[in-house]
*Asks:* 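I have a structure I would like to understand better, so I am pasting it below and will then ask my questions one at a time.
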Amino acid sequence: MSPLGLLAAAEAEEEVSGIQQFADTIDEAFGEATGFFVNLIFGTQVTIPLGNPFPEDSVLWDGSLVVLWAIVAAIGFTIYFKAVQFRGFKVALEVVRGKWSRKDDPGEVNHFQALTAAVSGTVGLGNIAGVAAAVSLGGPGATFWMILAGLFGMCTKFVECTLGVRYREIDPVTGEVHGGPFKYLPVAFRRLGRIPVAIITGVFAISVMLFGIIGGGMFQANSAFSGLQDAVATVVGNEDTFLHSEVGALVFGIIFAGLVALVIIGGIKSIGRVTGALVPAMAIVYVVSCLIVIIANIGNIGPAFSAIIVGAFSPEGVAGGMIGVIIIGVQRAAFSNEAGIGSAPIAHSAVKTRRPVSEGFVAALEPFIDTVVICTMTALVIIFAWEPTWNEAVEAHSAAPIGLTFGAFDEFFSGFSVILAIAVFLFAFSTLITWSYYGLQAWRHLFGQSQTSDTIFRVIVLVFIVIGCLVSFGNIIDFADSALFLCIFINVIGLVVLAPVVKKEMEQYFADRKAGRLMDDPEYIEGPEDMVTVSKSQVKDTAGV
């Protein structure tokens, strides 16, 4: 090689080393921040012993308080509403078909549009990377707990989306709908006083904002990049490519952030519209591909479910044993279907309806479709492909578990990882845009709305997209889980307080359906916001009279 060539090679090596050092520094700093935040949210541990007649060391729960709260709340809602997610399944299908809708119902979109938009938004990386992470950390048994969490999560989503519609506000001029936790949480906590309400909603806004940046930004970018790396490695036959370097990660991150910027800052709606059309199409391709693999391996369906059930109750090599697998399953289910986070009510509040609970029925279908059906499909495909060499496969993809899903599909469809990489990119792009919107609403709640303030938040999102391609998957998902369960912890407390209102709405709906009055305007149901607080002086005056 010529002296100039040697000099250029040396400079290139020095440049790569500089980027490597930059990436390692960011990963280390983010890892430290993640450790602090994870300990802050998940650090409070709860141990519930079983007692007699079980062995002395037997426990019902030995894990994080916030995860336990999410589980107990979902089960509690199911009991309180008498398993409405199952009793109301037929009703939900009637509502989606528009059987009880009128053209002049207030709102912006019909029930079917609300459901398809929400499902196409949740069917994505949670079903691909999330399931891969679950089975990588907890083995096949984590799938069982994901399914169970999805079934109970249906009721949580029923409650929060009913409240999202009940407490929404419709702009009388533009017709634009504003709803979600920032509307119903102040009602739930109103008795505490103005300052405590401001603090609680402020902390909730911070948690939504953090999840929007980390879970909706960094996680999506990291998974999209990892998927592309796997696809390229499959095509060329090795992992010694430009995309497998830190320079490649930086370049991809900048390009990806640039495309997102065109939509969230540049206002180029055409890209958003194209993505909106492609994402449902890719979701269908993904689901159909899963079905083909499952049908082709129908003879192995018994052993696969056996591995799921056995792994759920007698896991091997999983930290925390059975409780550890439950926690993993619940976390990944919540990440996938977003039940209890408070994001779904924002989207569902725009539905055209006069009866808030009608959208609660529709929203309950989402965790069923997303987690119970599609996540199970993904898990089965992974188990079919890797069960004979499970430990080796998990170890090979420990840095980026999404590779388990990519490799599994390549076992059945040679080169399918390329199509899957395109789907992952589109899912990531679409979810990122959606969560940047949710995060922006939280940002506005904290700092007010202005052009400058909005731009600052959007720039922060774009910077973290680039960083997401440079840091490790484990740090990202740990931080995202912490922000997600902080959202759930606060939001679900509000749901518990307002649950009696939802129950009255539900009972009225069932009664009117039985009496054939669903096309009539419903009677108004009073809630905490209608209760007048009487001061002590007023009581004295009344007593004097």
Side-chain angles (χ1 to χ4, degrees), residues 69-96 100 105 107 111 114-115 149-168 179-181 183-192 337-342 344-346 348-349 351 353-368 488-532:
W69 170 239
I71 296 171
V72 170
I75 296 172
F77 285 140
T78 300
I79 296 170
Y80 183 70
F81 290 98
K82 300 178 182 177
V84 67
Q85 66 266 50
F86 309 120
R87 291 192 299 126
F89 205 90
K90 181 182 177 182
V91 177
L93 297 179
E94 290 175 354
V95 175
V96 168
W100 309 112
D105 286 343
H111 291 287
L115 177 64
L151 291 171
F152 285 118
M154 291 170 69
C155 200
T156 303
K157 193 161 259 193
F158 166 81
V159 178
E160 63 179 342
C161 289
T162 297
L163 292 173
V165 177
R166 176 181 168 90
Y167 293 104
R168 68 184 178 179
K183 299 298 180 185
Y184 61 72
L185 287 181
V187 177
F189 299 116
R190 63 190 292 276
R191 288 182 175 273
L192 300 178
N337 61 48
E338 300 179 11
I341 299 177
I346 298 175
H348 281 278
S349 61
V351 75
T353 185
R354 291 161 292 109
R355 295 175 180 268
V357 77
S358 65
E359 191 59 17
F361 288 119
V362 173
L365 294 173
E366 286 175 32
F368 181 81
I488 291 176
F489 189 76
I490 297 172
N491 185 50
V492 169
I493 292 175
L495 302 186
V496 170
V497 174
L498 295 173
V501 180
V502 178
K503 191 168 189 177
K504 290 176 183 176
E505 294 270 6
M506 178 193 75
E507 289 171 345
Q508 182 194 66
Y509 192 94
F510 279 131
D512 286 352
R513 178 175 178 268
K514 187 176 182 179
R517 296 191 299 262
L518 282 183
M519 297 303 288
D520 301 335
D521 289 332
E523 291 184 16
Y524 178 74
I525 292 175
E526 290 188 348
E529 70 278 13
D530 301 304
M531 299 177 186
V532 178

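Predicted, not measured: the structure shown is a model, and the values here were computed from it.
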*Asks:* For Pro367 and Ala364, work out which heavy atoms get closest and say how close.
*Replies:*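 Heavy atoms only, the tightest pair is CD-O, 3.4 Å.
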
*Asks:* Say you draw a straight line from OG1 of Thr162 to CG of Leu495; how long is it, rounded to the nearest 0.5 Å?
*Replies:*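 The distance works out to 10.0 Å.
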
*Asks:* So that I know where these two stand, are Tyr184 and Phe189 an aromatic pair - ring centroids less than 6.0 Å apart?
*Replies:*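 Ring-ring flag for Tyr184/Phe189: false, centres at least 6.0 Å apart.
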
*Asks:* Write down the atom of Val351, the atom of Arg168, and the distance for their closest heavy-atom approach.
*Replies:*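 It is O-NH1, 2.5 Å.
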
*Asks:* Kindly write out the residues that satisfy salt bridge (charged side-chain N to carboxylate O under 4.0 Å, His left out) with Lys183, not counting sequence neighbours, or none if the list is empty.
*Replies:*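 Lys183 satisfies salt bridge (charged side-chain N to carboxylate O under 4.0 Å, His left out) with Glu169 once adjacent residues are dropped.
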
*Asks:* For a 4.5 angstrom cut-off between non-hydrogen side-chain atoms, does Ile341 reach Asn491?
*Replies:*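 Of all side-chain heavy-atom pairs linking Asn491 with Ile341, none is under 4.5 Å.
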
*Asks:* Taking all atoms of both residues into account, what is the closest heavy-atom pair of Cys161 and Glu359, and its distance?
*Replies:*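 The pair with the smallest heavy-atom distance is CB-O, 4.4 Å.
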
*Asks:* Between Ala339 and Ile488, what is the shortest heavy-atom contact and its length?
*Replies:*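 Where Ala339 meets Ile488 most closely, the heavy atoms are O-CD1, 4.0 Å.
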
*Asks:* What I'd like to find out is whether the side chain of Asp105 reaches to under 4.5 Å of the side chain of Arg355, using heavy atoms alone.
*Replies:*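 Asp105 vs Arg355: side chains apart.
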
*Asks:* Could you give the side-chain donor-acceptor pairs of residues 520-528 under 3.5 Å, partners two or more places apart or in another chain?
*Replies:*
residue	atom	partner	partner atom	Å
Asp521	OD1	Arg102	NH2	3.1
Tyr524	OH	Arg166	NH2	3.4
Tyr524	OH	Glu529	OE2	3.2
Tyr524	OH	Asp530	OD1	3.3
Tyr524	OH	Asp530	OD2	2.9

*Asks:* Roughly how far apart are Ile493 CD1 and Leu498 CG, rounded to 0.5 Å?
*Replies:*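 Here the interatomic distance stands at 12.0 Å.
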
*Asks:* If we ignore hydrogens and angles and just use 3.5 Å, is the side chain of Glu160 paired with the main-chain N or O of Pro345 as donor and acceptor?
*Replies:*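 Not confirmed, Glu160 side chain does not pair with Pro345 backbone.
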
*Asks:* Are Glu366 and His348 side-chain neighbours, meaning at least one heavy-atom pair lies under 4.5 Å?
*Replies:*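 They are in contact (side-chain heavy atoms under 4.5 Å apart), so the answer is yes.
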
*Asks:* Rounded to the nearest 0.5 Å, how far apart are CG of Leu185 and OH of Tyr167?
*Replies:*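 OH of Tyr167 is found 11.0 Å from CG of Leu185.
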
*Asks:* Between atom CE of Met506 and atom NZ of Lys503, what is the distance when rounded to the nearest 0.5 Å?
*Replies:*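 Reported value, rounded in 0.5 Å steps: 6.0 Å.
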
*Asks:* Minimum heavy-atom separation for Pro186 and Pro181, please, with both atom names.
*Replies:*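 Closest pair (atom of Pro186, atom of Pro181, distance): CD-O, 3.7 Å.
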
*Asks:* Please tabulate, one pair per line, all N/O donor-acceptor pairs under 3.5 Å involving side-chain atoms of residues 75-96, not counting sequence neighbours.
*Replies:*
residue	atom	partner	partner atom	Å
Thr78	OG1	Ala74	O	2.9
Thr78	OG1	Gln85	NE2	3.1
Gln85	NE2	Leu151	O	3.1
Arg87	NE	Lys82	O	2.7
Arg87	NH2	Phe81	O	3.0
Glu94	OE1	Trp100	NE1	3.1
Glu94	OE1	Arg513	NE	3.1
Glu94	OE1	Arg513	NH2	3.4
Glu94	OE2	Arg513	NH2	2.9

